[in-house]
2 protein chains.
Amino acid sequence: MTIALLETSPPRMQESAAARVERELRASIIDLTIRPGERLSESEIAERFQVSRQPVREAFIALMRQGLVDVQPQRGTVVVKLSVRRMLDARFIREAIEVAIVRRACERFDAHYRDRAASLIEAQETAARAGDHLGFQRLDSLFHITLAEGADCAEAWSAVEMQKAHMDRVCALTLHSPGSMGPLVDQHRAILNAIEDGDGERAVAAMSHHLSEILRAVAGLDLAHAELFE
Amino acid sequence: MTIALLETSPPRMQESAAARVERELRASIIDLTIRPGERLSESEIAERFQVSRQPVREAFIALMRQGLVDVQPQRGTVVVKLSVRRMLDARFIREAIEVAIVRRACERFDAHYRDRAASLIEAQETAARAGDHLGFQRLDSLFHITLAEGADCAEAWSAVEMQKAHMDRVCALTLHSPGSMGPLVDQHRAILNAIEDGDGERAVAAMSHHLSEILRAVAGLDLAHAELFE
DNA sequence: TAGTATGCACTTGTATGGAAGTTCAAGAGG
DNA sequence: CCTCTTGAACTTCCATACAAGTGCATACTA
């Protein structure tokens, strides 16, 4: 649904070289700037980022733990290909956690975050009308994070983030038609409304429905980019 | 509920030095052999394992990502203290995922894994009678993994594993009374029965109840080991 | 020609030295 | 006695060199 713009943006103070390489490589892998199946060389990346091999190696290991690259000892490192199976697994895990989040949100949801979520929906409406895909994706991510924080589940979101990457990578393939963002805004609104009403079952159903949108994108893209899939 | 014996056991072929250090340190951190709050030194650990500082550093970074140590640049690395909050967060995430697993298991559960789960319960019964805590913990972990694999959710289990460490660390403090394992076996049996009946709601309730056992262990131990908590 | 060595060019893994930053204690100065 | 400075002793982080393993092309052999 979204690409990782949020965790990409803050070039925090004194970011280590390893963290910088990992952050930038991760973003490129998720938005498919680096193609699935492509070989990555420690030396080449090190030269490109003007650092030594060591921080690059640490970035590779971190990306391997996230399931984004495959480090084969003494052979090489490759960006893992897209996988419908892996995407469905990620969706399953994400839905499990986010459903639990909204269920808890129906019991207690901080008022400040409720207002923030509402204003984010407004901003999404604007971005959708303007056809601003990148902005919309960033706002989408912020909306989900806000739900987690409002329900006091910030830690749970970090667990979602890893899975989200595998969904975003597949979504980066789908062509973003102008009208595709509107329904998503409505779904966000339905989720927030249910939370405000404290209606757990409705909130769960709304979130589940929302996260099932990606299933519709699966059918149409397999053949067009077969070489990117395993 | 359990400590990480499963992922600790296989000293796989050609395991790298970094992986070995991480594996052993992780096990020691989880079973509290290395005390929460203790400082870790790259040099000291390197000397102890007879390797250079580099693989130790990589192990530290990996453990940091799992939330088990805190690497403070240019200052030092410490084992994170126990945290009731962190444990409750881990429990929340784990319950969310495992509840989704058993719900799926009620729809389709491989017969081979059903038999395996049943035999694991038998083995747990034996271990419980014999008072074999370590064996029981290993069987407990295997049971949950078997549920995940039987429901074709192996990937989801790896997401659970990280959270599980934070629960196991707190559970390592609780004194294991001889009769404490019996109810857990019954709970496992209830879960498996519900799955065999295809009764989703009952399976979810049984798993949720099972994973709530740890909440009972929270109250009694805070004061006895206050220095281990943040 | 088919099959088998063999050496080269690549890869990741490890060791080691030094750069940059933090902490803490000892000592100078008020 | 209190405050500030300063330097030694640590820490993690990075750069570099080397070790070890893989794959492939080339050349040699039957």
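Quick note on labels: first sequence line is chain A, next is B, and so on, each numbered from 1.
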Exercise. Between the side chains of A/D140 and A/H188, is a donor N or O closer than 3.5 angstrom to an acceptor N or O?
Worked result: yes
Exercise. Closest nucleotide of DNA chain D for B/G76 versus for A/P73: which of these residues is on the 5' side?
Worked result: B/G76
Seminar exercise, completed: In whole angstroms, the gap separating C1' of C/dG21 from CD of B/Q72 amounts to 13 Å
For this session: Report the nucleotide, chosen from C/dT22, C/dG13, C/dT14, that has the shortest atom-to-atom distance to any side-chain atom of A/V71.
Result: C/dG13
Seminar exercise, completed: d(B/L228 CG, B/R35 CZ) to nearest 0.5 Å is 5.0 Å
Exercise. Would you call A/R91 and A/L215 a side-chain contact if the rule is heavy atoms closer than 4.5 Å?
Worked result: yes
Exercise. Taking the six-membered ring of A/F92, is the NZ or CZ of B/R104 close enough (under 6.0 Å from the centre) and on axis enough (within 45°)?
Worked result: yes
For this session: Output the residues of residues 34-52 of chain B in contact with DNA chain D, where contact means a heavy atom of the residue under 4.0 Å from an atom of the strand; sort by number or write none.
Result: B/R39, B/L40, B/S41, B/E42
Exercise. Rounded to the nearest 0.5 Å, what separation is found between the CD atom of B/Q66 and the CD1 atom of B/I30?
Worked result: 7.5 Å
For this session: Look at B/R23 together with B/E15 and state whether they make a salt bridge at an N to O cut-off of under 4.0 Å.
Result: yes
For this session: Provide, to the nearest angstrom, the distance between the CZ atom belonging to B/R75 and the C1' atom belonging to C/dA20.
Result: 15 Å
Exercise. Any luck finding a side-chain donor-acceptor pair between A/E98 and A/Q163 under 3.5 Å?
Worked result: no
Exercise. Of B/R53 and B/E58, whose nearest nucleotide on DNA chain C comes first from the 5' end?
Worked result: B/E58
Problem set entry | Between C/dG13 (P) and A/I61 (CD1): distance, integer Å | 6 Å
Problem set entry | Interatomic distance where CD belongs to B/Q54 and P belongs to C/dT12 [whole Å] | 15 Å
Seminar exercise, completed: In the 5' to 3' direction, the nucleotides of DNA chain D bounding the stretch that comes under 4.0 Å of a heavy atom in chain B are D/dT11 to D/dA15
Exercise. Over how many whole Å does the gap from A/F60 atom CZ to C/dT12 atom P extend?
Worked result: 6 Å
For this session: May I ask you to test the B/D132-B/T126 pair for a side-chain heavy-atom distance under 4.5 Å?
Result: no
Exercise. Between B/D152 and A/R85, does at least one N-O distance fall below 4.0 Å, as a salt bridge requires?
Worked result: yes
